[in-house]
Amino acid sequence: MATTKVELILATFLFCTASVAAGRASSYSRRSSAAVDGICKSLVVTQGYACQEHTVTTKDGYILGLQRIPASRSGRLAYKPPVLLQHGLMMDAVTWLMNLPDESLAFILADAGYDVWLSNSRGTQSSLQHTSLSPSDPAYWEWSWDELVTYDMPAMLQHVRSITGQNMHYVGHSLGTLIALAAFSHKELVNMLRSAVLLSPIAYLNQMPSPLARAAAQIFLAEDIYWLGLHQFIPKGDAVNKLINDICNITGNDCSNLMSGFTGQNCCLNSSRSDIFLNHEPQSTATKNMIHLAQMIRTGTIAMFDYGNEDNNMNHYGQPTPPVYNMTKIPNDLPLYLSYGGKDLLADPNDVKVLLGCLKDHDGDKLVIQYREDYAHADFVFGVNANQIIYEPVMAFFRLH
């Protein structure tokens, strides 16, 4: 075994030991204001908006939290269709509330008359409950983004439609686009949608140039963490910082700016909001979810979780290899708005172009493609100028559908 691999396994073992201890001691006691008071009370009501906390239970027992902003800051009730906002990996609904009200998509939509719904995927602070499991149980974390496609997304959409009686617009960022595309490829959930907006669309990942994410995938880091017994991936704290530094030192990556190293050089973030970000994010996810994404980076395919050998895959899927999510099967008449950036190291433009190739037969009047050369991954949700560059065209798209 190469020396670097031995060193990384040792670093990973130390990370797991420290993370388990820290997680049990403080992961749920060291909680942000959003975790203690709820996202509505801590981040929405404080800005002068009405807000409702909702829960929905998935078919596999996860109790997910949603927030609803049913009126503008002036108090006028929503008079336009509902919009469901779905965050990305290791984030939660705070994604859409981080900036000032005139820069945050959730508030902008509410002020424009939309009925705004914010989803929180399983494992985030608003969605930690389960009908029979605790987050301290390894079984609680036995999921990947496959389960977000199969259980979380349908539960969220069905809840919104049952409450509002209307089909909705969907906006996803990063992983929130992947789960949508996967569901659409099975022609699922589209009967509840008016349109879908995909910001930094994630589908194919094998050309992704993010040095830290690629290095972690190539050395099977998530697999090592899972093998060492850490099923919950907690992306914060001293243990994580040390592990990342070890990866940087051993693989020779420059980690002077971690966000840029992962996401690309974001052009338009408000550094004065960084304390708010760090108070709420990043969120935990399942280590199995990280393994699934690493598989995509290594193989270049969009497939269900690979259980490692033909026998295990046969047990789960009835076939020796994981079933593929076929992007060419997305209904051609589903209104889609895709926006991607030239500086994005996660939704790399070359990977996005592969996805666009799969959509070449999409109805011309149902597909809008926006490209911003200066945008990286986080600019689409945190950029101070995204209100004009991204969100105004998105709302114009909504008005057409």
Side-chain angles (χ1 to χ4, degrees), residues 54-67 84-96 117-131 133 135 139-160 168 170-190 192-193 196-203 205 222 226 231-233 235 281-297 301-307 316-317 322-325 327 330 346-347 381:
H54 288 245
T55 59
V56 61
T57 302
T58 66
K59 290 183 178 180
D60 59 343
Y62 289 82
I63 303 172
L64 310 178
L66 299 91
Q67 290 77 39
L84 178 67
L85 305 181
Q86 173 61 53
H87 60 82
L89 179 67
M90 294 187 285
M91 302 294 290
D92 66 356
V94 175
T95 295
W96 311 104
W117 293 77
L118 309 173
S119 65
N120 297 272
S121 297
R122 61 182 65 191
T124 61
Q125 288 284 4
S126 295
S127 300
L128 282 173
Q129 293 182 300
H130 190 278
T131 54
L133 298 171
Y140 176 95
W141 300 98
E142 275 298 312
W143 51 267
S144 79
W145 59 262
D146 283 334
E147 281 69 31
L148 306 187
V149 175
T150 304
Y151 300 112
D152 287 24
M153 190 173 172
M156 297 283 193
L157 267 66
Q158 288 162 6
H159 181 78
V160 173
M168 71 211 74
Y170 176 93
V171 181
H173 176 247
S174 190
L175 189 71
T177 70
L178 175 60
I179 62 175
L181 288 165
F184 301 162
S185 74
H186 287 167
K187 305 186 188 301
E188 295 172 350
L189 309 181
V190 294
M192 290 188 281
L193 294 178
V197 172
L198 309 177
L199 307 177
S200 296
I202 296 288
L205 288 175
Y226 185 89
H231 291 201
Q232 176 189 5
F233 187 84
E281 314 292 354
Q283 299 278 320
S284 292
T285 189
T287 304
K288 184 177 177 181
N289 193 31
M290 303 299 287
I291 295 173
H292 195 175
L293 293 167
Q295 291 173 352
M296 294 174 63
I297 294 171
T301 61
I302 312 173
M304 299 186 78
F305 187 86
D306 189 342
Y307 285 90
H316 282 89
Y317 305 123
V324 171
Y325 294 102
M327 295 294 103
I330 294 173
L346 295 176
V381 287

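Model, not experiment: these values are computed from the prediction.
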Parallel under 30°, tilted from 30 to 60°, perpendicular over 60°: which one fits the rings of His292 and Trp145? parallel

Could you measure the distance from the [atom1] atom of [X] to the [atom2] atom of [Y]? Nearest 0.5 Å is fine.
{"X": "Tyr325", "Y": "Met304", "atom1": "OH", "atom2": "CE", "answer": "4.0 Å"}
{"X": "Ser144", "Y": "Lys288", "atom1": "OG", "atom2": "NZ", "answer": "6.0 Å"}
{"X": "Asn289", "Y": "Phe233", "atom1": "CG", "atom2": "CZ", "answer": "10.5 Å"}
{"X": "Met156", "Y": "Leu118", "atom1": "CE", "atom2": "CG", "answer": "10.0 Å"}
{"X": "Leu66", "Y": "Thr55", "atom1": "CG", "atom2": "OG1", "answer": "8.5 Å"}
{"X": "Ile63", "Y": "Ser127", "atom1": "CD1", "atom2": "OG", "answer": "9.5 Å"}

Taking all atoms of both residues into account, what is the closest heavy-atom pair of [X] and [Y], and its distance?
{"X": "Ala183", "Y": "Met153", "answer": "CB-SD, 4.3 Å"}
{"X": "Trp141", "Y": "His231", "answer": "CB-O, 3.3 Å"}
{"X": "Ala286", "Y": "Trp143", "answer": "CB-O, 3.3 Å"}
{"X": "Thr95", "Y": "Asp92", "answer": "OG1-O, 2.8 Å"}
{"X": "Ala93", "Y": "His87", "answer": "N-CD2, 3.8 Å"}
{"X": "Thr58", "Y": "Ala155", "answer": "CG2-CB, 4.1 Å"}

Could you check whether atom CD of Gln129 has more than 12 heavy atoms from other residues, nucleotides or ligands sitting under 6.0 Å from it? no

[X] side chain near [Y] side chain, heavy-atom distance below 4.5 Å:
{"X": "Leu346", "Y": "Leu89", "result": "no"}
{"X": "Pro322", "Y": "Tyr317", "result": "yes"}
{"X": "Gln232", "Y": "Thr287", "result": "no"}
{"X": "Trp96", "Y": "His173", "result": "yes"}
{"X": "Tyr170", "Y": "Val197", "result": "no"}

Answer yes if the side chains of Thr177 and Gln86 hold a donor-acceptor pair under 3.5 Å, and no otherwise. no

Side chain to side chain contact (heavy atoms under 4.5 Å, CB included), that's the test. Do Thr301 and Val324 meet it? Break it down for me. CA-CA 8 Å; Thr301 61; Val324 171; 5.5 Å; no

Tell me, with the steps shown, if Trp117 and Leu85 meet side chain to side chain contact (heavy atoms under 4.5 Å, CB included). CA-CA 6 Å; Trp117 293 77; Leu85 305 181; over 6 Å; no

Does anything in residues 120-129 pair up under salt bridge (Lys or Arg N to Asp or Glu O under 4.0 Å), and if so which pairs, sequence neighbours excluded? Asp60-Arg122, Arg122-Asp152

Given 3.5 Å as the limit, does a donor-acceptor pair link the side chain of [X] with the main chain of [Y], or not?
{"X": "Asn120", "Y": "Gly65", "result": "yes"}
{"X": "Thr150", "Y": "Asp146", "result": "yes"}
{"X": "Tyr140", "Y": "Tyr62", "result": "no"}
{"X": "Thr124", "Y": "Ser121", "result": "yes"}
{"X": "Gln283", "Y": "Gln125", "result": "yes"}
{"X": "Thr57", "Y": "Gly61", "result": "no"}
{"X": "His54", "Y": "Val160", "result": "no"}

Met296 vs Leu293, test: side chain to side chain contact (heavy atoms under 4.5 Å, CB included). Steps then yes/no. CA-CA 5 Å; Met296 294 174 63; Leu293 293 167; 4.1 Å; yes

Residues Leu175, Ile202; criterion side chain to side chain contact (heavy atoms under 4.5 Å, CB included); working and verdict: CA-CA 6 Å; Leu175 189 71; Ile202 296 288; 5.8 Å; no

